[in-house]
Protein chains: 2
Amino acid sequence: MSARSSLAAKAPEERRRRILAAAVEVLKEKGFAGARIADVASAAGTSAALVVYHFKTLDGALAEALGSVEDDFYDSFSRALPPRATAVQRLRLLGELGCESGPAVGNWALWIEVWVRALRDSQARALRRALDARWRQTLRDVVDTGLKEGSFTCADPAAAVVRLAALMDGLAVQVALRDPDVPDDQMTRLWLEAAAAELGVPPKLLIKAPRARATTKLTRPARA
Amino acid sequence: MSARSSLAAKAPEERRRRILAAAVEVLKEKGFAGARIADVASAAGTSAALVVYHFKTLDGALAEALGSVEDDFYDSFSRALPPRATAVQRLRLLGELGCESGPAVGNWALWIEVWVRALRDSQARALRRALDARWRQTLRDVVDTGLKEGSFTCADPAAAVVRLAALMDGLAVQVALRDPDVPDDQMTRLWLEAAAAELGVPPKLLIKAPRARATTKLTRPARA
DNA sequence: CAAAATCCTGATTGGTCGTTCAGGATCGCA
DNA sequence: TGCGATCCTGAACGACCAATCAGGATTTTG
């Protein structure tokens, strides 16, 4: 348990992190079903045995990798969103943020992987539940703000939030599977239009030119 | 190749069908990743070797099982839907049909399985594409009918259809994963409300008491 | 009714992979 | 400097499982 706290000797921890990152990468590429311990090892530039040394088992490693994804998401949410802004602005940001987390290779694919996993594994189910709950709450906060501001109109906010979250998942599936009817550059627009309708906002307020300004990075930090 | 066409000797074909049905069942229960050749065999009440005898390989069996699901779906679509009816009635039927294909054990789970599979397997991708295209087309037909009738209003039917289809997928994920925020008995209502909004129909026309009449079976024939 | 084709099975095999193991390197610490 | 803990590795083990095989039963056909 006692951590090696000396200065120039965090190599092991660093290695551990690298393995975790490698595991995430492998999950995106091959999915749970195709992820071999050797893949993770070689992606991390180490031996298979080391993976097992740090994480007791392969499943353990993958599970912890998923956990790290959760952390990344939480981080990027809070980092990207909550400066002072109107509900409309925040809603648009949310739409862009959510929709753009996909196209970057394999991100949405990873979610689908988590879903299947969650069908049978309680840990994965818990992870998804947590992330989804948080995402819906974020959405809900924005909706409530808009209602208070008077810029939104919505008879049943709870239902609207559930629908908007589900719609994003559904669109994500089509995009991840490269459905020709749902090109990824249309996803944001499709979602924002629905949001506009659900919340009684004039669509023009939400949907501008796809790329209006680039003051701060709207794209996700790095991975996840 | 010459089929045994004699009268009382379709046992082999019947056996083959049973294996296929068993494969579908196993897919629902354990998914692609967990499906063992022995599972299919025992579920069908035969030996593992026979599965391989009929279908060259396990993947072959699972792929063909998926195909049979496609057929079943096509059948149930056309059987359940198209008597003479107003667009509003048909839309409601579509919502109920689509949403209710889930709760029956593992049906939506099977779709999620297909999605992951489709991420990497082109055959599964083709299957999903075909089913989705057909589903969207069915929806589209109803929408067009409604527009012609004058009972629907919709600026962008194509987008509306994509959104409604995606919404159903997204809701299905929550239901399949037993998300407490999306109880399965609410799914139909949530979807129909969205449809009402997208198509400018007064919600009351679409959503009645959950179970108004039971003239004909609205529930799916059997499986799939 | 025989020969041939089809159908079916239990036992075996060959390969893949997660995990273990024994030992070697490196580091923290006294 | 030396000792114990931590970190790391290649090699070997063993479980699991898809696919093969050799042969037996049953059906079709000529």
Visitor: If I take atom CG from residue B:Leu192 and atom CD from residue B:Glu96, how far apart are they, to the nearest 0.5 angstrom?
Guide: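 Here the rounded value is 6.5 Å.
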Visitor: Just wondering, are more than 12 heavy atoms of other shown residues or ligands nearer than 6.0 Å to CZ in B:Arg120?
Guide: yes
Visitor: For each nucleotide in nucleotides 16-21 of chain C, reading 5' to 3', give B when a protein heavy atom comes within less than 4.0 Å of its base, S when such contact involves only the sugar-phosphate, and - otherwise.
Guide: -SSBB-
Visitor: Would you kindly give the CG-to-P distance between A:Leu50 and D:dC8, to the nearest whole Å?
Guide: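 So the CG-P distance, A:Leu50 to D:dC8, works out to 5 Å.
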Visitor: Test side chain to side chain contact (heavy atoms under 4.5 Å, CB included) on A:Thr188 and A:Ile207 and set out the steps.
Guide: CA-CA 9 Å; A:Thr188 311; A:Ile207 305 134; over 6 Å; no
Visitor: It should be established whether B:Tyr53 places a side-chain nitrogen or oxygen under 4.0 Å from OP1 or OP2 of nucleotide C:dC7.
Guide: yes
Visitor: Taking CZ from B:Phe55 and P from D:dA19, how many angstroms apart are they, rounded to a whole number?
Guide: 13 Å
Visitor: Would you say a side-chain N or O of B:Arg15 is under 4.0 Å from OP1 or OP2 of C:dC7?
Guide: no
Visitor: Under 4.0 Å: is that the gap between some side-chain N or O of B:His54 and OP1 or OP2 of C:dT6?
Guide: no
Visitor: Looking at B:Arg16, I'd like to know whether one of its side-chain N or O atoms comes within less than 4.0 Å of OP1 or OP2 on C:dT6.
Guide: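 No, outside the criterion.
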Visitor: Is there a donor in the side chain of A:Arg140 and an acceptor in the side chain of A:Gln137, or the other way round, less than 3.5 Å apart?
Guide: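 No donor-acceptor contact under 3.5 Å links the two side chains.
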Visitor: Decide side chain to side chain contact (heavy atoms under 4.5 Å, CB included) for A:Ser68 and A:Val24; before the verdict, give the C-alpha distance in whole Å, the side-chain angles of both, and the deciding distance to 0.1 Å.
Guide: CA-CA 9 Å; A:Ser68 77; A:Val24 173; 3.9 Å; yes
Visitor: Any chance you could lay out the side chain to side chain contact (heavy atoms under 4.5 Å, CB included) test for B:Gln174 and A:Asp169, step after step, and finish with the verdict?
Guide: CA-CA 9 Å; B:Gln174 326 296 322; A:Asp169 285 349; 2.9 Å; yes
